[in-house]
Amino acid sequence: MQVLDTDLNTYELNESMKNVSAGALVTFEGWVRNLNEGKEVIALEYEAYNTMAEKEGQKIIAEAKTKFNIIDAKAVHRVGKLDLGGIAVWVGVTSKHRGIAFEACEYIIDEIKKKAPIWKKEYYLDGDSGWVNCEHCAHPHTH
Amino acid sequence: MKTINISYFAKLREEANKRSESIETEVNTGLEVFKLLKEKYNFSLSETDLKIAINEEFADWNDELKNNDLIVFIQPVAGG
């Protein structure tokens, strides 16, 4: 897995998966959408603990290769500020047949979302902003 | 005394207003380091909200720290 601070080139990523023994390439793209939990989002910022995120991502890809009979898998995550419609993450999996590639691709993105130390800050139309999954966990100070 | 390096990300980076620092300390665990820093920066997050990584691996709050370890407090992740 790679963490990049420049736009993802999905054409090049797809090309990099080319393999004559593969009968299928399944890809997933995560896009920046305009609404989260009822609030209108105008931009997003991703921040990562890059070295650890890449390590965790490699572990996930290695697990996927053990669990599923796939040929190859790759993941790239964007960091920095992204506008609506921007590509935040790309996952690609090749295999002989499509079924296993769909399963492995879903497994990889699910695990990345759970484990990779990557954070998302949303900027809202109303001027507010917040770290996703974190604002609700902040406690009021007791002293 | 040992040197412990800390890197901050996301909400804790904003609250500490720095990306990293090194401290000289006698304490033995990541939990104790976090408590010192929470006091210093008035972090809005508690250890129950966070995980700890030591030298780029998820670890336990009570693992014993060694000289020059790198600690990161991991707030709930939101990649993808």
Side-chain angles (χ1 to χ4, degrees), chain A residues 1 3 28-33 36-37 44-60 75-79 82 87-91 105-106 108-122 129-143, chain B residues 3-23 29-61 63 65-66 68-80:
Chain A
M1 165 142 140
V3 174
F28 169 81
E29 290 178 24
W31 292 1
V32 177
R33 68 159 188 267
N36 188 27
E37 294 178 2
L44 274 192
E45 194 174 349
Y46 282 96
E47 180 170 339
Y49 179 7
N50 288 18
T51 49
M52 186 173 165
E54 289 182 348
K55 262 185 164 175
E56 287 298 310
Q58 278 323 115
K59 281 186 210 164
I60 292 164
V76 184
H77 205 296
R78 176 75 151 78
V79 288
L82 279 169
I87 303 173
V89 60
W90 178 94
V91 178
C105 188
E106 185 170 36
I108 291 168
I109 186 61
D110 286 351
E111 291 295 300
I112 288 172
K113 286 175 88 94
K114 267 187 261 172
K115 293 180 184 162
I118 299 172
W119 303 278
K120 174 163 65 175
K121 187 173 191 174
E122 289 179 334
S129 64
W131 292 99
V132 174
N133 295 342
C134 204
E135 296 308 321
H136 68 278
C137 66
H139 302 293
H141 299 299
T142 50
H143 54 270
Chain B
T3 303
I4 301 296
N5 307 296
I6 304 112
S7 289
Y8 298 104
F9 292 94
K11 199 175 176 73
L12 295 181
R13 172 182 54 73
E14 291 176 342
E15 291 179 355
N17 198 23
K18 59 181 69 167
R19 292 182 182 276
S20 62
E21 68 182 316
S22 296
I23 60 169
T29 68
L31 183 60
E32 290 170 285
V33 172
F34 179 72
K35 285 182 171 168
L36 287 177
L37 295 167
K38 182 174 164 67
E39 185 73 29
K40 183 171 169 191
Y41 297 115
N42 219 358
F43 287 142
S44 61
L45 303 173
S46 297
E47 65 274 15
T48 50
D49 304 315
L50 303 165
K51 288 181 180 168
I52 184 171
I54 303 174
N55 302 328
E56 299 183 349
E57 300 284 345
F58 286 110
D60 289 321
W61 283 103
D63 285 351
L65 298 174
K66 301 180 305 295
N68 251 327
D69 275 349
L70 169 63
I71 294 184
V72 175
F73 307 113
I74 311 273
Q75 73 183 47
V77 300

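Residue numbering restarts at 1 for every chain, and letters A, B, ... go by the order of the sequence lines. What you see is a predicted model, and the numbers here were worked out from it, not measured in a lab.
Heavy-atom distances place no part of E45(A) under 4.5 Å from chain B, backbone and side chain included. Residue L50(B) does not touch chain A at all, counting heavy-atom pairs closer than 4.5 Å. With a 4.5 Å cut-off on non-hydrogen atoms, K121(A) touches chain B through its side chain but not through its backbone. Only the side chain of E14(B) comes within contact range of chain A, with at least one heavy atom under 4.5 Å from a heavy atom of that chain. Interface residue K120(A): backbone and side-chain heavy atoms are both found under 4.5 Å from chain B. Only the backbone of A48(A) comes within contact range of chain B, with heavy atoms under 4.5 Å apart.
Chain B forms the most heavy-atom pairs under 4.5 Å with one residue out of R78(A), K115(A), E47(A), and that residue is E47(A).
When atom types are taken as modelled, the side chain of W119(A) and the backbone of F9(B) share no donor-acceptor pair closer than 3.5 angstrom.
At a cut-off of 3.5 Å, with distance as the only test, no side-chain donor of T3(B) or N68(B) sits close to an acceptor on the other residue.
Salt-bridge annotation for K114(A) and E111(A): present, with a side-chain N of the basic residue lying under 4.0 Å from a carboxylate O of the acidic one.
Ring-plane geometry between H77(A) and Y46(A) is classed as perpendicular, the angle between the planes exceeding 60 degrees on a 0 to 90 degree scale with a lower cut at 30. Between F73(B) and W61(B), the ring planes are parallel. Angles under 30° get that label, and only those over 60° would be called perpendicular.
I52(B) has its side chain out of reach of F34(B): every pair of non-hydrogen atoms, C-beta onward, lies at least 4.5 Å apart.
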